[in-house]
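Because the structure is a prediction, the values reported are computed rather than measured.
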Amino acid sequence: MLIAGSGVFGATPAWAAAPTFDTPPAQVGFGTVTLTGTATANATVTLREAAYKWGKDATQGSELSPATQFETDMPTTVTAGSNGRWTIRRVMDSGFVWAVESGGQYSRIVQAPLKVGAAFTVTSTGSGSISFNVHTSPDQPYFPVRVERQNGSSWVAVASGVTDGPAGEGGATPPNDDGDNDAEFQGAATGQPGGQQTYRAVIAETGNAAYASAENLITSNTYTRTVDVGGSGGGTTPPTTPTTPPTTTPAVGSIQFTRIQYNAPGVDSSTNKSIIGEYAQLTNKSSKALNLKGWTVRDAAGNLYRFTSSYTLAAGKSVIVRTGKGANTTATRYWGKSYHVWNNGGDTATLRTDAGKTIDSCRWTTAGKGYTNC
């Protein structure tokens, strides 16, 4: 005898749990993000979505439309595994609002920001002269951009404007806009000091309300480049003091990831307490102190933490980089993120010097125990 609602012939059991939606990994620039969550084992799961601009006011998943499948290898309706886990890959070109539906029940709504990406180049074109180019991702006009030069502990303006718009302050020439909406801000500047100079491109403002495009939930980003400018005037790096180790070329493996807590203890939430539960620990395995100024820790999606000021890690000592916000100490640095960065189901951490040399990496492919000792 068949019992209605017993689950035979694919019917959803009455005891089926509502699906859940994990906090998505951060995405930088146009690209693919992997969405995950839970549902009843072997149940059908359907993604519902809206671009943030259209879905930001949604309060429940039923208000979102079923996602349209654009790529054959990226289905928007999947079957949860025998362990109840589901995975859906989706392309992001702006901020999104997502939920999933399974058995007539909906997950929570997830708002996923997209961090603006960019290719930033600076070239010396003569004595005291440079040219620069900022090409943003996603390709979008009207991103506000500032180009600045480091001057000791501060930054001075070189140019400002918007992608595919005219350059402004700092004596820069207007960009060579070719009219094809290629999301570039480019130009040239004179009167620059000679020697090694550090420049940065700030896409939108920095701070708590940092949006390159608030309407589309695209958040800001900063990119830094160093170039030898022709002419005289010296560099902008402050003189080395006796307490700062001399600059050397560090060996691969001199500093290593010794633990990554990629899954914060407890249930993930958007609270800072949960976010700072994520961290990456670095240990100096060499026999001498190393200055990490300019070094970066990066995940596979391109999220980047930079040691922006002089930071000396003694031989045998460790420093922890926590994802959330807090006051830096000698042993703990804070990334300042308002969302989790490390992907529980698999990710790669990479450590690079200020010159871009890869010193160490750590990769995991399963959720495991929530941490890895690399």
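A search for ring-ring contact (aromatic ring centres under 6.0 Å, His included) contacts involving Y339 returns nothing, not counting sequence neighbours. Residues forming a side-chain hydrogen bond (donor to acceptor under 3.5 Å, both in side chains) with T332 (at least two apart in sequence, or on another chain): none. Partners of T365 according to the side-chain hydrogen bond (donor to acceptor under 3.5 Å, both in side chains) rule, which considers only residues two or more places apart in sequence or in another chain, do not exist here.
Taking each heavy atom of P24 and L35 in turn, the nearest pair found is CB-CD2, 4.0 Å. The heavy-atom pair separating P66 from R48 by the smallest distance is CG-NH1, 3.7 Å. Considering all non-hydrogen atoms of both residues, T358 and R352 come closest at OG1-NE, 3.3 Å. The minimum heavy-atom distance between S160 and R146, with the atom names listed, is CB-CG, 4.2 Å. In terms of heavy atoms, S310 sits closest to N291 at OG-ND2, 3.2 Å. In plain terms, the two heavy atoms of S131 and T125 that are nearest each other are OG-CG2, 3.7 Å.
In this structure, N272 contributes its side chain and K325 its backbone to a donor-acceptor pair below 3.5 Å. Listed for the E148 side chain is no donor-acceptor partner under 3.5 Å among the backbone atoms of Q150. The closest donor-acceptor contact from the side chain of T32 to the backbone of V91 lies at 3.5 Å or more, if one exists at all. Judged by distance alone, with hydrogens and angles left aside, the side-chain atoms of S107 form a donor-acceptor pair with the main-chain N or O of V100 at under 3.5 Å.
Atom CD of residue E101 and atom OG1 of residue T77 lie 8.5 Å apart, to the nearest 0.5 angstrom. Interatomic distance, R306 CZ to T296 OG1, rounded to the nearest 0.5 Å: 6.0 Å. To the nearest 0.5 Å, atoms OG1 (T323) and NZ (K337) are separated by 9.0 Å. Atoms CG and CG, on L217 and L114 in that order, are 8.5 Å from each other to the nearest 0.5 Å. In this structure, OG1 in T372 is found 6.5 Å from OH in Y262, a value given to the nearest 0.5 Å. Atom CG of N221 and atom OG1 of T136 lie 11.5 Å apart (nearest 0.5 Å).
Hydrophobic clustering of Ile, Leu, Val, Met, Phe, Trp and Tyr side chains at less than 4.5 Å, counting indirect connections, unites I130 with Y223. Linking Ile, Leu, Val, Met, Phe, Trp and Tyr residues whenever their side-chain heavy atoms come within less than 4.5 Å leaves L304 and I203 in two separate clusters. F307 and I320 are assigned to two separate hydrophobic clusters, defined by single-linkage of ILVMFWY side chains at heavy-atom distances under 4.5 Å. Criterion: ILVMFWY side-chain heavy atoms under 4.5 Å apart, direct or through other members. Under it, W335 and L292 are part of a common hydrophobic cluster. Linking ILVMFWY side-chain heavy atoms closer than 4.5 Å, directly or via other members, places Y334 and Y279 in two distinct hydrophobic clusters.
Counting heavy atoms from C-beta on, the side chains of V252 and K357 come closer than 4.5 Å. At least one side-chain heavy atom of I255 sits less than 4.5 Å from a side-chain heavy atom of W295. Side-chain contact check for D354 versus K293: every heavy-atom pair is 4.5 Å or farther apart. Within the 4.5 Å cutoff, the side chain of Q192 has heavy atoms near those of the R149 side chain. By the 4.5 Å heavy-atom criterion applied to side chains, D299 and N343 are not counted as neighbours. Proximity of H340 to S274: side-chain heavy atoms (C-beta onward) are separated by under 4.5 Å at one or more points. Between L290 and S254, some side-chain heavy-atom pair lies under the 4.5 Å cut-off. Taking 4.5 Å as the limit, some side-chain heavy atom of V145 sits within range of a side-chain heavy atom of T163.
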### Task
Please step through side-chain contact (heavy atoms from CB on, under 4.5 Å) for the pair V28 and N303, ending with a clear verdict.
CA-CA 7 Å; V28 178; N303 292 290; 4.0 Å; yes
### side-chain contact (heavy atoms from CB on, under 4.5 Å) assessment of V341 paired with Y305
CA-CA 11 Å; V341 167; Y305 171 80; over 6 Å; no
### Query
How far apart are the C-alpha atoms of V297 and L282, what are their side-chain angles, what is the distance that settles it, and do they pass the side-chain contact (heavy atoms from CB on, under 4.5 Å) test?
CA-CA 10 Å; V297 174; L282 298 168; 4.1 Å; yes
### Task
Begin from the C-alpha positions of F120 and F132 and carry the test ring-ring contact (aromatic ring centres under 6.0 Å, His included) through to its verdict.
CA-CA 7 Å; F120 176 44; F132 58 85; 7.6 Å; no
### Query
What do the steps show when you test F21 against W86 for ring-ring contact (aromatic ring centres under 6.0 Å, His included), and what is the final call?
CA-CA 9 Å; F21 205 124; W86 60 263; 5.2 Å; yes
### Task
Take T198 and T226 through the test side-chain hydrogen bond (donor to acceptor under 3.5 Å, both in side chains) and record every step on the way to the result.
CA-CA 4 Å; T198 298; T226 299; 3.3 Å; yes
### CA sep, side-chain torsions, deciding dist, call: T283, Q256, side-chain contact (heavy atoms from CB on, under 4.5 Å)
CA-CA 5 Å; T283 301; Q256 298 177 15; 5.7 Å; no
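Counting only N and O atoms by type, the side chains of N133 and T121 include no donor and acceptor under 3.5 Å apart. One side chain, Q281 or T258, offers a donor N or O that lies under 3.5 Å from an acceptor on the other. For the residue pair S361/T350, the side-chain donor-acceptor check at 3.5 Å is not satisfied. Between the side chains of T34 and R89, no donor N or O sits under 3.5 Å from an acceptor N or O.
The pair R90-E49 meets the salt-bridge criterion, with a side-chain N (NZ, NE, NH1 or NH2) lying under 4.0 Å from an Asp/Glu carboxylate O.
Both cation-pi conditions hold for R259 and Y371: the charged atom is under 6.0 angstrom from the six-membered ring centre and inside a 45 degree cone around its axis.
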